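Keep in mind it's a predicted model, so treat the numbers as computed, not measured. Note that these values count all heavy atoms, side chains included, but never hydrogens, waters or copies made by symmetry. The chain is numbered in sequence order, starting from 1.
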Amino acid sequence: MTRLRLCLATALRYALLEQVRNRLALALAVFFVPVWVGLAYTAMPTAPVRFFLRAADQDVTVAGNVLTQLSGAVHALALIVGFMMFLAARRSAGFDHRLVTAGYPRACLVLAKYLALLLACLLVAGYATAWICVFWRPEQPALLAAALGAGALTYGGAGIMLAALLRSELAGMFLVIMASFVDVSLQNPIANAGADSPVLRWLPTYGAMQSAVVAADTRHLPWAHLSLALLWALTTAAVGTAAFTLHTRSRLGALRRTWRLPPLRHRVYRRAGVNDPELRAGYETCRRLVRHSGQTDYAVTQLVPAPLRPLLWAMYGHGRVLDDLSDSGRADAAERIDAWVRAMEEDLARGTGTDPVRRALTHAVTTWDLPTGQLPASFATYRRDAAERPGFTSWEQWHAYWHALSFPVGVTRLATRRCWARPPGPASARATPRHCGDGPTPSTSSTPCATCARTPTWAASPSPSRSSPPTA
């Protein structure tokens, strides 16, 4: 339980930080809500409007400006909270997937997101209610805040759900905006003469809107409609949780189903001595990172003999992860790189890892007995990249920069100078090297085999794609 509490506290802290960093949503909550509430109350006519209050099963008359203010508050909070949760969940989707892949409890991530959503709803609902009380005094301010919070909670859960289902931020934001607009506007009798239609009872914010009108001018407690609003919130939360679970499980399951690998890739792993399903899953993660980084990068790894390809995939994948962290533009990029480096050092000391990329790299370094003395210089270069973009004034600086990043664990020496691949196993059992891919015949010759002699020198030391070299 101590580990779960620690994981939940950490996930909640980062979920709240994601919301704090969303400056646009914060600005909308702080400035748009009072402006919209004030304009709706002062600019709209005060003529009474008939509103069918289903909670009391009767028509009531509400001032037009008050009704517009209430519907505008429900709409604004649903839109802002839905927008906040969608962006936060969408932008952290890749990192969440990597955490779950590495063994982080999925339940802690999901619970942290909804705790952050609940806290955001409480704050914005209380803030909006306070501004409404500036213009007029509702009969039940606490019920009004609960109604506004329930509507915001519904669309916040919908935002998390859409983040797991959609790949485009624009599509998600459009759906949140249009759904909330149609939902709330149809319930306003000023905009829709048929606002008393029973069909509208199925709209997500119907219970919230009914409860808000009840809180404005009566002492009645609409338990049924408040429960309906909470039911909608729980429904969107359940669907969002299911979508998040599928999103974080689907790719991991595909990696672990190694029996579905193409026959040629099975042969590559078999010749490299990688037979463990977990290790193959780690190498497959690295291979996909290489392939997604660019066709040229992936083609370079295909030029080397088959037993060396998993090794290059592991090196490439590790560099790709650090490169993405340093280029993310986040304020905590250097901290994330430091956390990754510490975990990598611990994995190398243990001889295994929990993250698939680090597991593959640790296995590659241990199996091929590669030197790691230059890794600290490579890590330091990525840290500097996260702090500021590198600038080069000469080819010497460019060469030194790439020398620190380009596989500082001896892949060039292994692939082009020694020209043999050690069979996997303990170091004591690998006393006799063998050639890269022409069969198991042992040889201690330093002369390259026919396959390796055809491998270009530049193909043996690839690096993750970054910027182009400086022009003369």
Quiz item: If you round to the nearest 0.5 Å, how far is CG of L67 from OG1 of T46?
Solution: 13.0 Å
Exercise. Write down the atom of C108, the atom of L8, and the distance for their closest heavy-atom approach.
Key: O-CD1, 3.6 Å
Quiz item: Any side-chain heavy atom of F95 sitting closer than 4.5 Å to one from R336?
Solution: yes
Self-check item: Interatomic distance, E139 atom CD to D217 atom CG [nearest 0.5 angstrom]
Solution: 6.0 Å
Practice problem: Give a yes-or-no answer on whether the side chains of H363 and Y283 include a donor-acceptor pair shorter than 3.5 Å. | Solution: yes
Quiz prompt | Distance-minimising heavy-atom pair for S211 and G207 | solution = OG-O, 2.8 Å
Exercise. Using the side chain to side chain contact (heavy atoms under 4.5 Å, CB included) rule, pick out the option among T236, D183, V74 that qualifies with Y155.
Key: D183
Quiz item: From L203 CG over to T154 OG1, what is the distance, rounded to the nearest 0.5 angstrom?
Solution: 11.5 Å
Quiz item: Taking all non-hydrogen atoms of both residues, which atom of N188 and which atom of A195 are closest, and how far apart?
Solution: C-CB, 4.1 Å
Quiz item: Side-chain donor-acceptor pair under 3.5 Å between Q187 and S71, yes or no?
Solution: no
Quiz item: Would L166 and L175 satisfy side chain to side chain contact (heavy atoms under 4.5 Å, CB included), going step by step from the backbone distance to the final call?
Solution: CA-CA 10 Å; L166 301 178; L175 283 177; 3.7 Å; yes
Quiz item: Considering only heavy atoms from C-beta outward, does the side chain of L53 approach that of D59 to under 4.5 Å?
Solution: no
Quiz prompt | Validation row: L28, L79 side chains within 4.5 angstrom (heavy atoms) | solution = no
Quiz item: Crowded around R350 CZ? As in, over 12 foreign heavy atoms under 6.0 Å?
Solution: yes
Exercise. Evaluate whether atom CZ of F174 has more than 12 neighbouring non-hydrogen atoms of other residues, nucleotides or ligands under 6.0 angstrom away.
Key: no
Quiz item: Is the closest side-chain donor-acceptor distance between D96 and Y104 under 3.5 Å?
Solution: no
Exercise. Could you tell me the separation between the CG atom of L322 and the CE atom of M344, rounded to the nearest 0.5 Å?
Key: 9.5 Å
Quiz item: Say you draw a straight line from CD1 of I160 to CZ of F244; how long is it, rounded to the nearest 0.5 Å?
Solution: 9.5 Å
Quiz item: Does the Q140 side chain pair with the main chain of H220, one donor and one acceptor, at a distance under 3.5 Å?
Solution: yes
Practice problem: Show your working on side chain to side chain contact (heavy atoms under 4.5 Å, CB included) between V214 and L144 and close with a plain yes or no. | Solution: CA-CA 8 Å; V214 169; L144 177 58; over 6 Å; no
Quiz prompt | Heavy-atom closest contact (V49 atom, P189 atom, distance) | solution = CG1-CG, 3.7 Å
Practice problem: State whether a side-chain donor-acceptor pair under 3.5 Å links Q69 with W36. | Solution: no
Exercise. Keeping the roles fixed (side chain from S197, backbone from G194), state whether a donor-acceptor pair exists under 3.5 Å.
Key: no
Exercise. Determine, for R91 against E18, whether the closest basic-nitrogen to carboxylate-oxygen distance falls under 4.0 angstrom.
Key: no
Exercise. Output yes when a side-chain donor or acceptor of R201 lies under 3.5 Å from a complementary backbone atom of P198, and no otherwise.
Key: yes
Exercise. Check whether the side chains of W340 and H318 place a donor and an acceptor atom closer than 3.5 Å, and report yes or no.
Key: yes
Exercise. Could you walk me through whether R287 and Y298 pass side chain to side chain donor-acceptor pair (under 3.5 Å), step by step?
Key: CA-CA 8 Å; R287 185 191 67 82; Y298 187 70; 3.2 Å; yes
Quiz item: Any donor and acceptor pair, going by atom type alone, linking the side chain of T205 with main-chain N or O of A208 inside 3.5 Å?
Solution: no
Self-check item: Closest non-hydrogen atom pair between Q210 and F52, with its separation
Solution: NE2-O, 3.4 Å
Identify every side-chain donor-acceptor pair in residues 120-132 under 3.5 Å, counting partners at least two apart or on other chains, and give the distances.
residue : atom : partner : partner atom : Å
Y127    : OH   : V30     : O            : 2.7
Y127    : OH   : W131    : NE1          : 3.2
T129    : OG1  : A125    : O            : 2.7

Quiz item: Got a second to check how far R359's CZ is from T362's OG1, nearest 0.5 Å?
Solution: 9.5 Å
Self-check item: Donor-acceptor pair, side chain of R320 and main chain of L289, under 3.5 angstrom
Solution: no
Quiz prompt | Smallest separation among heavy atoms of G172 and L162, with atom names | solution = O-CD1, 4.1 Å
Practice problem: Using only heavy-atom distances, determine whether the side chains of Y206 and R54 contain a donor-acceptor pair under 3.5 Å. | Solution: yes
Quiz item: Would you call E345-R342 a salt bridge at under 4.0 Å N-O?
Solution: no
